[in-house]
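Report on the structure given below.
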Amino acid sequence: MLQVQFIRDHKEEVIQKLAKRNLEVSGQIEQVLQLDEERRATQTTLDAILAESNKLSKEIGMLFKSGKAQEANEIKKKTAGLKEESKELTEKLNSVAAQLTELLYTLPNIPHDSVPEGNSDEDNEVIFEEGEVPSLQDGALPHWELAKKYDIIDFDLGAKITGAGFPVYKGKGARLQRALIAYFLDKNTEAGYTEYQVPHLVNEASGIGTGSLPDKEGQMYYIGQDDLYLIPTAEVPVTNFYRDELLNEGDLPLLATAYTPCFRREAGSYGAHVRGLNRLHQFDKVEIVRIEHPERSYEALEGMVDHIKGILRELKLPYRILRLCGGDLTFSSALTYDFEVYSTAQERWLEISSVSNFETFQANRMKLRFRDAQGKKSLAHTLNGSSLALPRVLAGILENYQTSEGIVVPEVLRPYTGFDIIS
RNA sequence: GGAGAAAUGGCAGAGUGGUCGAAUGCGGCAGUCUUGAAAACUGUUGAGGGUCACACCUCCGGGGGUUCGAAUCCCUCUUUCUCCGCCA
């Protein structure tokens with residue numbers, strides 16, 4: 001959520017920078033400023049009435065104490081009108097404040113200056129590419145064929161017990177999943193991230209904190225009976241550890257990592273591109289989250305990018321890094337780098353990680369602040385990234401490591417799998 | 001699931017209708033003393049809104065109510081603890 005104070009002080013800048021997202025928000029900004037003005041005016045009037053009412057109440061108290069009940073009752077009569085007025089104003093204030101918040105919820109984060117112009121994923125900027133695309137033999141298979149051939153993922157069984165998009169991993173496939181999770185968590189903890197295991201259901205406040213709610217896209221699974229949401233990513237529970245916290249500057253940065261399953265309804269996305277592991281309703285992901293000092297958050301973002309690069313290098317997967325353009329940037333993010341692995345058999349790039357700096361956008365929603373040495377309080381910056389999303393990494397491994405003998409396990413994973421080939 | 005108790009500032013803990021944003025202790029910060037440190041002593045120390053700055057307003061788990069006035073009374077929700085039951 002953008003800060004009202006910032007919008008007040010930088011109105012034109014906000015309008016101009018949100019244009020990068022191909023949004024024309026001048027009408028909404030005007031409305032925000034108007035509601036804010038109204039909110040403050042109402043508050044001021046209400047405060048004056050409450051002050052008067054407090055004063056009278058104190059007088060009444062003193063009069064009763066000194067036995068002057070009659071005088072007290074006289075003053076009591078005067079309070080009735082004030083009470084009525086304050087009630088009306090409070091209602092108005094609540095209504096205006098609610099409208100303001102609702103409107104602010106509709107405004108996405110301001111893109112960083114380095115975010116390229118553009119409308120869709122086609123305008124994303126490739127900033128880095130590394131790794132060799134293996135030349136596969138004739139008859140190279142896409143991962144869903146390989147999964148069937150080696151009996152390591154059963155999509156039909158998942159569809160039977162739950163539905164489409166809920167695969168069952170089996171045998172060496174299941175073991176490989178476990179290996180990847182352990183490997184990623186180890187890499188993250190080595191880099192200083194504290195490992196957590198977190199709930200897979202969150203309450204509404206947490207969803208709002210990270211910007212997942214209000215969920216206009218209907219992406220989250222909702223458990224109505226208990227008013228809880230299945231997490232779409234570990235980002236939601238982990239970042240919300242720090243909701244409503246006032247940290248000390250010395251506590252920063254805070255680094256956390258967690259493995260969780262992720263649940264996404266993916267309403268409306270069907271077709272060839274969602275085959276196999278490409279898009280699922282439930283998938284596994286290891287996430288990294290950082291709470292940073294605003295002055296160091298972009299340095300931290302680059303650090304996260306380097307960290308993920310290191311993992312992909314070790315896995316020896318061909319990958320590239322994109323800087324997302326304004327049109328493709330997610331709602332809460334100021335700057336996002338996407339990592340994509342080249343899926344040789346499908347001959348396409350698969351997104352396996354998204355690393356973002358949200359600056360104060362989430363922190364403002366969740367009131368995550370820190371106090372500096374001078375005692376000044378500021379919103380912290382929140383960042384997160386996948387390190388990594390499993391299904392597409394698995395797809396990349398299956399397709400790129402396939403040989404006539406079977407699927408070779410990347411070397412760094414062998415201590416975790418206990419086998420070096422799936423045949 | 002049933003019965004009971006509780007939720008107050010960074011922490012501990014008082015406050016059961018009136019000048020309480022809240023005693024006291026610990027902790028933190030500043031100072032005095034000291035070569036330095038400790039101890040002792042003195043002062044200071046919650047958050048949000050609002051203001052140029054004050055004033056002023058709001059906040060004692062969340063929401064609602066009673067009252068001229070609520071941390072304090074009532075309703076409700078959440079969480080924690082104790083006991084019983086069930087259970088991986």
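Residue numbers start from 1 in every chain, and the chains themselves are labelled A, B, ... in the order their sequence lines are given, proteins ahead of strands.
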By the 4.0 Å heavy-atom rule, please label S57(A) as base, sugar-phosphate, or nothing.
base
Heavy atoms only, 4.0 Å cut-off, all strands: where does L56(A) land among base, sugar-phosphate and nothing?
nothing
Check this one for me: any side-chain N or O of R39(A) less than 4.0 Å away from OP1 or OP2 of G49(B)?
no
Between Y337(A) and E125(A), does any side-chain donor sit less than 3.5 Å from a side-chain acceptor?
no
Would you say G28(B) has OP1 or OP2 under 4.0 Å from some side-chain N or O of N248(A)?
no
Taking atom P in both C83(B) and A71(B), what distance in whole Å separates the two?
34 Å
State, yes or no, whether a side-chain contact exists between N203(A) and S206(A) at a heavy-atom distance under 4.5 Å.
yes
Nearest-angstrom distance from the residue atom CG of L379(A) to C1' of G48(B)
13 Å
Looking at U24(B), which nucleotide sits across from it as a Watson-Crick or G-U wobble partner, both distances under 3.5 angstrom, or is there none?
A12(B)
Of the nucleotides G69(B), A47(B), G50(B), which one has an atom closest to the side chain of R40(A)?
G50(B)
Quick one: do the D154(A) and Y169(A) side chains pair a donor with an acceptor below 3.5 Å?
no
Rounding to the closest angstrom, what is the interatomic distance between G61(B) and U16(B) at atom P?
15 Å
Could you tell me the separation between the CD atom of E85(A) and the P atom of C57(B), rounded to a whole number of Å?
16 Å
Using Watson-Crick or G-U wobble geometry with both distances under 3.5 Å, which nucleotide pairs with G85(B)?
none
In whole angstrom, what separates K377(A)'s NZ from G46(B)'s C1'?
9 Å
Regarding E38(A) and Q99(A), do their side chains bring together a donor and an acceptor under 3.5 Å, going by distance alone?
no
Side chain of I60(A): nearest nucleotide among G18(B), U67(B), A47(B)?
G18(B)
Between N94(A) and A80(A), the residue closer to the 5' end of RNA chain B by nearest nucleotide is N94(A)
Integer angstrom distance from the P of G43(B) to that of A23(B)
15 Å
Nearest-Å distance once atom P is located in both C54(B) and A47(B)
14 Å
Considering heavy-atom distances to RNA chain B, does K55(A) or G61(A) have its closest nucleotide positioned more toward the 5' end?
G61(A)
Between atom CG in D244(A) and atom P in U78(B), what is the gap in whole Å?
19 Å
Given the P atoms of A70(B) and U58(B), what is the spacing between them in whole Å?
9 Å
Taking a pair as Watson-Crick or G-U wobble with both distances under 3.5 Å, which nucleotide is matched to U42(B)?
A30(B)
Please report the distance, rounded to the nearest Å, between CD in Q3(A) and P in G48(B).
13 Å
Could you check how far CZ of F370(A) sits from P of G10(B), rounded to whole Å?
18 Å
Any R369(A) side-chain nitrogen or oxygen under 4.0 Å from OP1 or OP2 of A47(B):
no
Using Watson-Crick or G-U wobble geometry with both distances below 3.5 Å, tell me the partner of A7(B), or none.
U78(B)
For a quick check under 3.5 Å, do E359(A) and N109(A) share a side-chain donor-acceptor pair by atom type?
no
Can you tell me how far P in G46(B) sits from the matching atom in G10(B), rounded to whole Å?
9 Å
Integer angstrom distance from the P of C29(B) to that of G65(B)
44 Å
Looking at G46(B), I'd like to know if its phosphate oxygens (OP1 or OP2) sit under 4.0 Å from a side-chain N or O belonging to R371(A).
no
Rounded to whole angstrom, note down the C1' distance from A6(B) over to A55(B).
39 Å
When you look at NZ of K170(A), are more than 12 heavy atoms from neighbouring residues, nucleotides or ligands closer to it than 6.0 Å?
no
In whole angstrom, what separates Q43(A)'s CD from G49(B)'s P?
11 Å
Under-4.0 Å side-chain N/O to phosphate OP1/OP2 contact, N54(A) with C57(B):
yes
No-H, no-angle donor-acceptor pair, D47(A) side chain to G49(B) base, under 3.5 Å:
yes
With no hydrogens and no angle check, do the side chains of S332(A) and Q362(A) hold a donor and an acceptor under 3.5 Å apart?
no
Does G36(B) pair with anything, Watson-Crick or G-U wobble, both distances under 3.5 Å, and if so, with which nucleotide?
none
G49(B) C1' sits how many Å from L100(A) CG, rounded?
13 Å
Using both distances under 3.5 Å as the test, list the Watson-Crick or G-U wobble partner of U72(B), or none.
none
Is there a Watson-Crick or G-U wobble partner for A47(B) with both distances under 3.5 Å, and if so, which one is it?
U58(B)
Cut-off 3.5 Å, side chains only: do D338(A) and S354(A) have a donor facing an acceptor?
yes
Strictly below 4.0 Å: does K58(A) bring a side-chain N or O up to OP1 or OP2 of G69(B)?
no
